[in-house]
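Residue numbers start from 1 in every chain, and the chains themselves are labelled A, B, ... in the order their sequence lines are given, proteins ahead of strands. Not measured: the values here are computed from a predicted model.
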Amino acid sequence: MARLIRTEKEVEGRFEEVWLVVEEDPLTQWPDGPLSVVGRDALRQDALERVRGEARFTADIQLPGMLHTAVLRSPHAHARVKKIDLAPALALPGVHAALAPGDAKGLEGEPGYCGAAVAAVAADTFGQARRAVAAIAVEWEVLEAVLDPHEAVRREQFTMPSSTYERGDFAKALESADVVIESTYRTSVVLHNSMETHQSVCEWVGDTLNVYISTQYIWGVRSAVAAELGIPGDKVRVVCEYMGGGFGSKNDPGEYTFVAAELAKRTGRPVRCALTRREENTAAGNRNLTIQKLTVGARSDGTIIALGGEFINGVGWSGWSAMTDGPMQMLYACDNVRTVRHGAKINMPPMKAFRAPGFVEGTFGLECLIDELAVKLELDPLELRRKNYANANDDTPYSSKNLMECYDLARKHWDRRDEVRARSTGTWKHGVGMASQIWFGGGGPPSYAWTRVSSDGRVTVVTAMQDIGTGTRTAMAQIAAEELGVSLDRVTVVLGDSARGPYATLSAGSSTTPSVGPAVRAAAADAKRQIIEIAAQRYDVEEHVLDIKDDVLTSADGNVSTTLEQLLEILENSQILGKGGRGPNPAGMSVLTFGVQVVEVAVDVETGEVRVERVAAAHDVGRIINSLGARSQVEGGIIQGIGHTLFEQRLHDPETGRILTTSLDAYRMPTIADIPEIVCEFVDKPDAHLTNLGSKGLGEPPIVPLAAAVANAIRDATGADVHELPITREEMLRALEAAKKKERRGAPAAV
Amino acid sequence: MPELSLTVNEHRYEVEAPIEMSLAHVLREVVGLTGTKIACNEGHCGACTVQVDGMPTLSCITLAHTVSGEITTIEGLRDHPLIDAFVRADAVQCGFCTPGQVVSAAALVAANPSPTIDDIRHTMAGNICRCGTYPRIEEAILHWRD
Ligand code: FES
Ligand code: FES
């Protein structure tokens, strides 16, 4: 039965009170541990077509008569278009239409950052469109730009109201602390740089707009486009069968979709609007910079009694202020916490969610601070963390928490410290560091799935979700196979088309598997129930004695034993249809993911070069569906984290706000030559309170603790406190210099 | 438009393409082989890698009219043992970089059938994978003949 509930919904750490229609979730969870299909290694269902280059991405969509778009972008950080003349562009060969500010959502008459979209041209080829864009004559009135986040805070220029959090009495607790450490941490702007740039192809067919788009949320695109164009949602069909990475940056349609839709309308032709790599590096979103002034107060036995922080997110011209303060509020059992978070509105490109937004940055600050505390108190950093273990989230119980088990799994890696340090020779110093992880990832309702079982005993799962490269198709197939008792190769998952499947949630916030997975299981169970009803009538036995396993239906007494094909051949071309929905999240509980990473580094104290040599990760995300895919997710998160930690950094000209790192040459991302040995383990215990699966998401957790663990390993190796990301050679040498000075002043070095 | 004759995966194509068109665009838009991906279009990522006479070549910064050798794209490597090796090793997430990885790896194992980890890291460093499948690419190439 459908139920109406009022509940709190979390996406990427943002909460909203909403009304939700949810399905009942009557299925009991499967027993712990690996099952027949679930919890085991499964090869990706779509691996072959992706590897062979047959998968059709949005970038590969070529429609007859399709036009190409180029976008005019603001050369100023803040300016007003006084006059714009599209005529010279329209006069050029191959040009079919041009849009001025206001003609499509996202084309701005008063752009607030360098690179903001202003106008657009559609032409037969991209080259022609580009030449035409260059011919557009614009008269600008240059306006004052605020580029410095501190200045924005001083002016109280925010993208959303500042948020203050307080429990206990921070100031008073700090006074009674035996030790107090204050440190300021900074993280830089980093870019998603998915290999497939942001893009759409729009095509009108009758009164319906087909949108082919590289997106993490086909339903979000559908509703946003329908609202903008003033047409019903079912007149917008959104298709994304394969997409080339998003990492949080593709949760909404973006100006390119509105531009393509409008140009398609004006020209009567299909229109592609795709960002170039250079545009991708300026106007496609980013993980914003942060400045974190943090304080910890503790007793000499290591009990943390006060935590405080002032956080500035340099959000950009628009966007939200992510929960940089979240880890400080949630990770430790500290009675007195006070945080203030500002989202500075500056004339720079807007942030977009990026793999655990806020928590990656906030964990870097907090977990470095905790490590500095351990050094000061001469306590083992692992013991310090265990000592301050939180048993509730601000009085709310956890649906499940196995961070202690993660610490136990990490122990053997942590115990390598002496051995690793002993490798130090000459200017190369080796050390080990750790950091903990907390993040959301429980998903939530609604999401739906259908199943079709045909006479040959094969199963199709239909759900209008998207697989952004995380292996969702495979995980969903495993869940359906497990529930139906069929082998995995009998299950096909159809997704990626809003017109051809029921609603499913977005692929962000580590929410896809925990949101859609339970719906798929419910839909499979619905089909299984019907198969058993049919069998009970056909063989004249009670339903409850029947079960399906390994593609065979059997009765408990062994009298009935038939393959699914034999049983279902009577269906001929007809099918058994099942449907299922995602049930509610447990009321009054915090659904969170946990983990810990132990990192080994080598630092050349003469040149400042840092090498990450080994990363051991232990995460608690409830039940693991695909153990192979899960390991790939962890590795991917860690590798992206290494980029953020050691070299990725978007640079801009502080005078003009122009982005300087616009190519993949200038913006350096990890290559195969940068990867360390990676070991990953899971607690793999279902969350008993969370849905019929007990699974949480894994896309984001692995990137959360990496930077802090690296910085802490550097401290272990050299005694230097790194306070800034990325840890370039300059930053490393600065930290080493500061450590030397500290030593000269008489403070003991850590080594 | 100037005529162009190309040998791609042992097939001869007689097409027309503007003089300034890159090999990547000719392959994708004129010949219709979209397995070759374009991710940066300026020679920085390796997604567009094809082989010209067996040599890995960035097709996005190669003018189509300058190519006289035999071109091999991912479509010509669909039965290469590396394909199965990549699938088995889970060396693919979103898959946008993957065809380029396979083409580079195929050139590597043709020249050096038993590459060491260092060989792999050295030759494959020009192929960026934002999803971070590198450990599995390494594994796939190490065990490509198994
Ligand atoms: S697309 Fe050719 S190197 Fe990036
Ligand atoms: S698999 Fe996504 S970029 Fe390599």
Item to check | salt bridge (charged side-chain N to carboxylate O under 4.0 Å, His left out) assessment of A/R631 paired with B/D90 | outcome: CA-CA 10 Å; A/R631 291 199 298 278; B/D90 205 35; over 6 Å; no

Item to check | Derivation of the side chain to side chain contact (heavy atoms under 4.5 Å, CB included) call for A/R277 and B/H44 | outcome: CA-CA 10 Å; A/R277 181 56 55 187; B/H44 293 150; over 6 Å; no

Checklist entry - B/I128 and A/M669: side chain to side chain contact (heavy atoms under 4.5 Å, CB included), yes or no, with the steps? => result CA-CA 8 Å; B/I128 293 176; A/M669 301 199 289; 3.7 Å; yes

Next on the checklist: Could you go through B/Q93 and A/R50, starting from their C-alpha distance and side-chain angles, then the distance that decides it, and tell me whether this counts as side chain to side chain contact (heavy atoms under 4.5 Å, CB included)?
Outcome noted: CA-CA 9 Å; B/Q93 289 191 27; A/R50 290 196 200 245; over 6 Å; no

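For a residue to count as touching a neighbouring chain, one of its non-hydrogen atoms must lie under 4.5 Å from one of that chain's; by this rule A/Y242 does not touch chain B. Only the backbone of A/A55 comes within less than 4.5 Å of a heavy atom of chain B; no side-chain atom from C-beta onward does. Heavy atoms of B/Q101 lying under 4.5 Å from chain A are absent altogether. With a 4.5 angstrom heavy-atom cutoff, A/T470 does not touch chain B via any of its atoms. Looking at A/F126, there are no atoms closer than 4.5 Å to chain B (heavy atoms on both sides), in backbone or side chain.
A side chain to side chain contact (heavy atoms under 4.5 Å, CB included) with B/R130 is found for exactly one of A/E196, A/M195, A/H192, namely A/M195.
Side chains of A/I639 and B/C129 form no contact here, defined as non-hydrogen atoms less than 4.5 Å apart. A/R52 is listed as a side-chain neighbour of B/D79, based on a closest heavy-atom distance under 4.5 Å. Annotation: side chain of A/I675 is in contact with side chain of B/E138 (closest heavy-atom distance under 4.5 Å). Residues A/L48 and B/I83 form a side-chain contact, since some pair of their non-hydrogen atoms from C-beta on lies under 4.5 Å apart. At least one side-chain heavy atom of A/I672 sits under 4.5 Å from a side-chain heavy atom of B/I137. Using a 4.5 Å heavy-atom cutoff, the side chains of A/E54 and B/E75 are not in contact. Between B/V92 and A/R44, some side-chain heavy-atom pair lies under the 4.5 Å cut-off.
Residues A/D60 and B/K37 are paired through a salt bridge, judged by an N-O separation under 4.0 Å between the basic side chain and the carboxylate. Salt-bridge formation is detected for the pair B/R136/A/E635: a Lys NZ or Arg NE/NH1/NH2 atom is positioned less than 4.0 Å from an Asp or Glu carboxylate oxygen.
B/A39 and A/T197 get closest at one heavy-atom pair: O-CG2, 4.2 Å. Counting all heavy atoms, side chain and backbone alike, A/A673 lies closest to B/A125 at CB-CB, 4.4 Å.
With hydrogens and angles left out, the side-chain atoms of B/T34 and A/R56 include no donor and acceptor closer than 3.5 Å.
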